[in-house]
Amino acid sequence: LKPRKEILLTFDYEPYLGARSGSAEKCILQPTEALRAILNKHQAKGIFFVDIFYLLNLKKHKELNEDLAQIIKQLKTLYAEGHYIFPHIHPHWLDSVYLENKREFSLVDLSNYSLAGLPEFQIKNLFKESIQFLKEIGISNTTWAYRAGGWCIQPFNLFKDIFIEEEIKYEFSVLPGYKNDNTNQFFDFSQVTKNTPYYFSDYPEKPEETGLFIEFPISTIYFNSTIRLKDRLVRKYLWKTGDKGWGDGTSAQTSLLKSNSPNLEMVSIELLNIAKLNTYKKHLKNSAYMHWISHPKMFTKHGLKTFDSFLHFATTHFNPIFDFREMIPKPISK
Ligand SMILES: [Zn+2]
């Protein structure tokens, strides 16, 4: 009997969120199609957190309506194939500017990067609109999951009542060991040490056995200096050969995340390459739960291929569980 492994594959389905958003084709449609083939090949399930306010902005401009139609078609296909579709909110879309001649958006104003700076009624409406949008395209969940744009899920008292009202039970924003001190981008998970799913009620960073919600913390992985050196060489090589990442936009100029250890990084397809594959495999061997956070816009062809090898390894040696509902810890009975 092969040992059970929980492999949680999550994706932020979004364009670039900086000076240039890039195109739907390059940032979302193409890389997600390549990913979909790999997921389905290994019968792996993914969770796609959809940047709804990007889609609502596509809707506003006639010349972008075809992009929106293609995105909806892709989301429906993913959903029909058993992948999960949930909302992801980047509120700085409120301050986006449309670049008409480029057919792209510019999102340089980051003052509303976190929902926490907005009035309560507005936060509530953004959640309502997001879930409504997904329902209208046929995504019908009885219970919902959420990942905050930029991991900004604090202070949670702003969201608790909305979560209850909208039937959001599953939270995916906690990145253990990391924080961002910038007021507009604030989060602090530096005290979080738990690296498997847990219940919470009032603070996503504080496990509480009888909590109302379930947190699925993102996994981090440690690399020694030899692997780091090899990683730099591989990336240099990929850059030289033109495998530079799929998306054609530019990143938001956010503050650098601070982590408890400089040798830790998130488990992610866009950070994975051949230099790190063995460390990823070891990580899987040594842990029961591995939560990936990836962004199709940043995929290289090499990264996807390495991910394919990882999934092949996982399904050959282990009994992988991909459905987050099967990772929910048993509640403590009173
Ligand atoms: Zn995002």
Side-chain angles (χ1 to χ4, degrees), residues 8-24 26-29 31-32 35 46-58 71 74-75 78 83-96 104-118 123 126-127 129-131 133-134 144-154 159 168 170-175 178-180 182 184-187 189 204 216-219 245-257 265-271 291-299:
L8 183 47
L9 303 169
T10 70
F11 303 93
D12 288 8
Y13 189 88
E14 64 191 16
Y16 274 94
L17 298 154
R20 286 188 50 198
S21 61
S23 64
K26 291 275 184 192
C27 293
I28 297 182
L29 294 165
T32 304
L35 166 71
I47 301 180
F48 292 83
F49 288 105
V50 181
D51 181 9
I52 306 288
F53 289 92
Y54 167 55
L55 305 195
L56 293 173
N57 273 284
L58 291 178
I71 284 176
Q74 188 170 60
L75 290 173
L78 289 164
H83 303 288
Y84 289 105
I85 311 291
F86 292 122
H88 180 54
I89 302 178
H90 274 288
H92 70 302
W93 275 109
L94 291 169
D95 307 306
S96 66
E104 287 180 30
F105 298 91
S106 167
L107 296 100
V108 286
D109 183 348
L110 301 183
S111 50
N112 286 313
Y113 191 78
S114 166
L115 280 170
L118 295 169
I123 302 176
L126 293 176
F127 272 94
E129 273 181 82
S130 300
I131 290 183
F133 181 90
L134 291 178
W144 293 82
Y146 178 66
R147 169 173 293 143
W151 302 281
C152 303
I153 194 65
Q154 293 160 316
F159 307 114
I168 302 171
Y170 313 114
E171 216 299 306
F172 287 74
S173 313
V174 169
L175 181 56
Y178 283 76
K179 65 174 174 178
N180 187 333
N182 182 305
N184 299 329
Q185 300 160 22
F186 173 82
F187 67 81
F189 309 128
F216 294 81
I218 296 161
S219 299
W246 225 300
D248 51 0
T250 50
S251 296
Q253 299 299 305
T254 52
S255 310
L256 264 175
L257 304 189
E265 63 181 43
M266 290 168 238
V267 170
S268 171
I269 296 175
E270 61 262 23
L271 297 172
H291 180 170
W292 296 57
I293 174 170
S294 307
H295 299 78
K297 65 190 179 194
M298 294 200 255
F299 289 172

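Read the numbers this way: they start at 1 and go in the same order the structure lists the ligands and their atoms.
Atom NE2 is the N, O or S atom of H88 at the shortest distance from the Zn ion (ligand 1). Nearest N/O/S atom of E14 relative to the Zn ion (ligand 1): this is OE1.
Residue contact annotation: H295 places no N/O/S atom under 2.8 Å from the Zn ion (ligand 1). The Zn ion (ligand 1) has no N, O or S atom of D51 inside 2.8 Å of it.
Side-chain contact between F48 and L35 is present, with at least one heavy-atom pair separated by less than 4.5 Å.
Of the residues listed (I269, L271, L8), the one engaging W292 in a side-chain contact (heavy atoms from CB on, under 4.5 Å) is I269, and it is the only one.
The aromatic ring centroids of F86 and Y170 lie 6.0 Å or more from each other.
Checked by atom type and distance alone, the side chain of Q185 never pairs as donor or acceptor with a backbone atom of T254 at under 3.5 Å.
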